[in-house]
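Everything on this sheet refers to the single structure shown next.
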2 protein chains.
Amino acid sequence: MKHERPKISDVARIAGVSTATVSRAISSPDRVSVETRAAVQAAIDSTGYRLNHAARNLRRRRTGGIVALVPNLANPFFSQILSGIASVLGPAGYNLLVADTETAGADSLLDYAEPSRADGLIVLDGRLSADALRGRVPLVEACEWVPGLAAPRIRIDNLAAAELAIGHLHDLGHRRIGHVTGPRGNVLTESRLTGTRAALAARHLVLTDDAIYSGDFSIESGQAVADTWLGQPATSRPTALFFASDAMACGFIGEVQHRGLSVPRDVSVVGFDDIELVAHISPPLTTIRQPRTDIGRRAAERLLAKIVGDPVDEDTILPVELVVRASTCRVGRTG
Amino acid sequence: MKHERPKISDVARIAGVSTATVSRAISSPDRVSVETRAAVQAAIDSTGYRLNHAARNLRRRRTGGIVALVPNLANPFFSQILSGIASVLGPAGYNLLVADTETAGADSLLDYAEPSRADGLIVLDGRLSADALRGRVPLVEACEWVPGLAAPRIRIDNLAAAELAIGHLHDLGHRRIGHVTGPRGNVLTESRLTGTRAALAARHLVLTDDAIYSGDFSIESGQAVADTWLGQPATSRPTALFFASDAMACGFIGEVQHRGLSVPRDVSVVGFDDIELVAHISPPLTTIRQPRTDIGRRAAERLLAKIVGDPVDEDTILPVELVVRASTCRVGRTG
DNA sequence: CTGAAAGCGCTTACAG
DNA sequence: CTGAAAGCGCTTACAG
């Protein structure tokens with residue numbers, strides 16, 4: 001049974017029609033008579049013919065693939081976004097290619113922006129080069145964005161998110177509020193820090209340098225922040241911290257608990273993302289929920305629209321939500 | 001500047017050679033004289049020529065893509081595996097296509113096993129049909145496997161993992177030990193349950209029905225198990241539980257803590273996977289570590305070897321490791 | 001509604 | 001070391 005794969009000409013011969021007709025019977029059945037269609041179908045069934053996508057794509061000058069450029073595939077934050085993307089792309093007949101901007105070389109990343117490689121790009125990494133991306137395949141940005149690149153963006157309102165977090169802590173009576181940032185140079189880091197500063201200013205509070213802790217979104221960096229914070233005088237250090245990622249908040253909480261302190265009694269913690277597990281840790285984490293699946297879905301839909309030439313609005317801001325759990329409480333005995 | 005993309009014939013014309021020579025200069029430079037190579041390179045630079053992969057692939061009868069079939073893309077467990085796969089595939093010149101077997105229809109999944117779609121398949125979902133997969137593109141299985149499908153498998157020794165977990169709990173003095181399973185019908189569920197039963201039997205203990213809790217790997221199912229367990233008499237219910245996933249263990253711990261009990265004082269908990277966060281929750285989770293990045297890497301390497309026709313050993317069993325943290329302790333006052 | 005023919009952009013025996 | 005030519009397997013104006 002190890003025959004050559006049947007091709008369209010085999011089907012044509014058996015059905016007694018031309019290859020053009022077979023092609024039409026497959027791609028636009030309504031342009032073919034009922035009888036011919038049946039004959040072609042019979043020939044397809046009897047030969048076990050299956051379309052060669054590579055050939056079709058070459059001829060149609062498309063690839064059938066969309067590439068998602070992910071900053072770090074190992075980061076579970078992106079799994080739900082990819083899931084959202086996949087749920088739109090699959091039914092639309094596109095393949096989802098995934099590339100990790102961390103393990104792929106810079107040059108190979110550019111290869112992905114080739115029309116012979118992919119029909120479109122979903123950029124999830126704001127550190128990529130605008131110049132390298134400009135003028136190539138259609139693209140959209142999601143979550144992060146590349147400054148200077150004019151492309152539709154699907155993102156959340158990071159300023160509003162900071163306002164929610166700070167407002168919540170302020171309402172609980174906190175006045176010494178700190179912020180733990182993401183990695184330097186990241187667009188999210190900037191906007192969340194700016195938002196925090198503004199939200200504090202609106203309440204006549206100032207974000208001093210010693211209340212800004214620099215992290216990099218990772219658990220480990222949150223752990224390190226615990227160290228720094230514990231080293232500061234209990235009477236002047238923040239009584240509440242707003243973290244730019246849940247992972248850092250978890251690392252922080254784990255470490256301060258390990259050192260014998262209690263959350264939220266000794267320090268209130270607000271995270272960012274609402275990743276899956278944080279509702280189930282002790283204490284359950286108060287955090288900013290990002291609609292991750294939706295971000296992925298919208299990004300994919302937007303890209304498909306752009307590919308077929310529909311006019312697309314340049315920016316989509318998805319709503320965030322403050323989820324209050326048990327890692328925050330009224331400012332207490334400490335301080 | 002909106003020209004047609006230059007093609008190989010444009011480069012050939014400018015370099016004053018044939019397209020065959022250009023092709024060789026690109027693919028096998030050493031078969032071309034130094035001068036010619038330089039001329040071709042100059043022409044490539046001046047035109048901005050970039051290879052069309054679709055055309056090359058059609059001609060070479062390959063696609064340059066490898067598909068990973070993931071049971072649930074949204075599950076962070078798979079993110080590190082994908083990362084491992086990507087780190088091998090990229091440098092080898094393959095695209096990584098990702099398909100979610102949950103959101104993709106069964107028929108579209110079969111499309112992925114088409115030689116015109118992908119050069120190979122990495123199957124991460126044991127529920128797929130062996131008949132549908134057999135005799136198509138080269139494939140390997142990782143983590144899970146499809147019974148009856150003869151393919152190289154990269155997996156861990158689930159029986160040995162259960163032995164490690166049960167041995168640890170037994171060493172701590174536990175005699176009433178329960179097991180929380182994965183979803184019914186999953187191959188991992190079966191082997192971990194079997195392993196648990198065997199490890200208990202080796203210690204003259206019996207796994208009774210009321211000490212088997214059925215979950216589905218999810219956090220929520222772990223939470224539900226807490227409910228069941230709390231409903232059992234404290235004098236006869238297990239003093240220790242071995243969970244088939246970390247997610248379930250976390251759901252369980254969160255819930256019993258919420259109900260005012262303490263882990264490990266009231267119940268010892270062993271998880272499975274060692275996902276990122278569990279070292280940082282309270283208490284840090286004792287668990288079985290799976291080398292997820294390595295599983296992905298090895299699966300990709302194995303597949304590439306199979307594609308080029310290297311003989312591949314059918315099965316690779318990767319070592320697991322018991323990571324003892326604070327969610328387990330000597331059997332105590334309770335019971 | 002259908003067919004003949006050109007062509008998508010490469011690669012690769014074959015010959016020299 | 002290099003070129004002419006065939007061909008990978010489709011699709012699509014064009015004509016009828």
Side-chain angles (χ1 to χ4, degrees), chain A residues 3-41 43-44 47-65 93 111 114-119 137, chain B residues 3-44 47-65 93 95 111 114-119 137:
Chain A
H3 292 299
E4 286 292 294
R5 278 174 73 78
K7 51 184 87 163
I8 207 169
S9 58
D10 297 317
V11 175
R13 186 168 20 79
I14 291 178
V17 297
S18 71
T19 58
T21 298
V22 175
S23 179
R24 282 189 211 102
I26 294 168
S27 306
S28 29
D30 34 294
R31 316 188 114 215
V32 161
S33 77
V34 187
E35 303 81 41
T36 309
R37 210 185 304 159
V40 169
Q41 188 55 53
I44 287 177
T47 53
Y49 169 77
R50 312 224 54 176
L51 181 68
N52 181 317
H53 292 90
R56 160 181 284 186
N57 288 339
L58 174 59
R59 182 54 232 241
R60 288 191 172 166
R61 295 156 151 277
R62 47 160 264 166
T63 72
D111 267 6
E114 280 298 302
S116 77
R117 215 73 181 302
D119 298 332
V137 300
Chain B
H3 292 298
E4 287 292 293
R5 279 173 72 79
K7 51 184 85 163
I8 208 169
S9 58
D10 297 318
V11 175
R13 186 167 21 79
I14 291 178
V17 297
S18 72
T19 59
T21 297
V22 175
S23 178
R24 281 188 212 104
I26 294 168
S27 307
S28 29
D30 35 293
R31 316 190 114 213
V32 161
S33 77
V34 186
E35 304 81 41
T36 308
R37 212 185 304 160
V40 169
Q41 188 55 52
I44 287 177
T47 53
Y49 169 76
R50 311 225 55 178
L51 181 68
N52 181 318
H53 292 88
R56 161 181 282 186
N57 289 338
L58 174 60
R59 181 55 230 241
R60 288 191 172 166
R61 293 155 152 278
R62 47 161 264 167
T63 71
N95 292 320
D111 267 6
E114 280 298 302
S116 77
R117 214 72 179 304
D119 299 333
V137 299

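Each chain gets a letter, A, B and so on, in the order its sequence line appears, and its residues count up from 1. When reading the values below, keep in mind they use all heavy atoms of this one structure, side chains included, and skip hydrogens, waters and symmetry mates.
- Judged as a side chain to side chain donor-acceptor pair (under 3.5 Å), and not counting sequence neighbours, Thr47(B) has no contacts.
- Following rounding to the nearest Å, Asn52(B) (CG) and dG7(C) (C1') show an atom-to-atom distance of 13 Å.
- A sub-4.0 Å separation between OP1 or OP2 of dT2(C) and a side-chain N or O of Thr21(A) is absent.
- By the side chain to side chain donor-acceptor pair (under 3.5 Å) test, Thr19(B) pairs with no residue at all, sequence neighbours left out.
- The nearest whole Å value for the distance from the CG atom in Leu58(B) to the P atom in dC10(C) is 12 Å.
- If you check the side chains of Thr63(B) and Asp119(B), you find a donor sitting under 3.5 Å from an acceptor.
- Of all the heavy atoms in Ala39(B) and Ala15(B), the pair that sits closest is O-CB, 3.8 Å.
- If you take CZ of Arg59(B) and P of dG7(C), they are 19 Å apart, rounded to a whole angstrom.
- The NZ-P distance, from Lys7(A) to dT11(D), rounds to 14 Å in whole Å.
- Look at Arg61(A) and you'll find a side-chain N or O under 4.0 angstrom from OP1 or OP2 of dG9(C).
- Rounding to the nearest 0.5 angstrom, the gap separating the CZ atom in Arg60(B) from the OG atom in Ser27(B) is 5.0 Å.
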For Watson-Crick and G-U wobble pairs within 3.5 Å on both distances, what is DNA chain C written in dot-bracket notation, | included for inter-strand pairing? |||.||||||||.|||
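- A salt bridge is absent between Asp10(B) and Lys7(B); no separation between the charged side-chain nitrogens and carboxylate oxygens falls under 4.0 Å.
- Of the residues in residues 8-17 of chain B, those placing a heavy atom less than 4.0 Å from an atom of DNA chain D are Val17(B), in numerical order.
- In this structure, Arg56(B) atom CZ and dT12(C) atom C1' are separated by 13 Å, rounded to whole Å.
- How far CZ of Arg59(B) is from CG of Leu58(A): 12.5 Å, rounded to the nearest 0.5 Å.
- Listed by residue number, Arg31(B), Val32(B), Ser33(B), Thr36(B) are the residues of residues 26-37 of chain B with a heavy-atom contact under 4.0 Å to DNA chain D.
- If you check dG9(C), dC10(D), dA5(D) against the side chain of Leu51(A), the one that comes closest is dC10(D).
- Spacing between atom CZ of Arg62(B) and atom P of dG7(D) amounts to 23 Å, rounded to whole angstrom units.
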Interface polar pairs with nucleotides 13-16 of chain D, N/O, under 3.5 angstrom:
{"from": "dA13(D)", "atom 1": "N6", "to": "Arg24(A)", "atom 2": "NH2", "distance (Å)": "3.2"}

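- Closest approach of Arg37(B) and Pro29(B) over heavy atoms only: NE-O, 3.2 Å.
- dA5(D) sits 23 Å from dC1(D) when the P atoms are compared, rounded to a whole Å.
- Comparing the same atom, P, in dC10(D) and in dC14(D) gives a spacing of 24 Å after rounding to whole Å.
- As a whole-Å value, the separation of Arg60(B) CZ from dA6(D) P is 22 Å.
- Arg50(B) CZ to Ile26(B) CD1: the interatomic distance, rounded to the nearest 0.5 Å, is 11.0 Å.
- Atom CD1 of Ile14(A) sits about 12.5 Å away from atom OH of Tyr49(A), to the nearest 0.5 Å.
- Residue Gly93(A) comes nearest to Arg62(A) through the heavy atom pair O-NH2, 4.1 Å, listed as atom of the first residue, atom of the second, then distance.
- No side-chain N or O of Thr36(B) forms a donor-acceptor pair with one of Arg24(B) less than 3.5 Å apart.
- Looking at Arg5(A) and Ser116(B), their side chains never bring a donor and an acceptor atom within 3.5 Å of each other.
- Rounded to an integer number of Å, the gap from Arg50(B) CZ to dC10(C) P is 12 Å.
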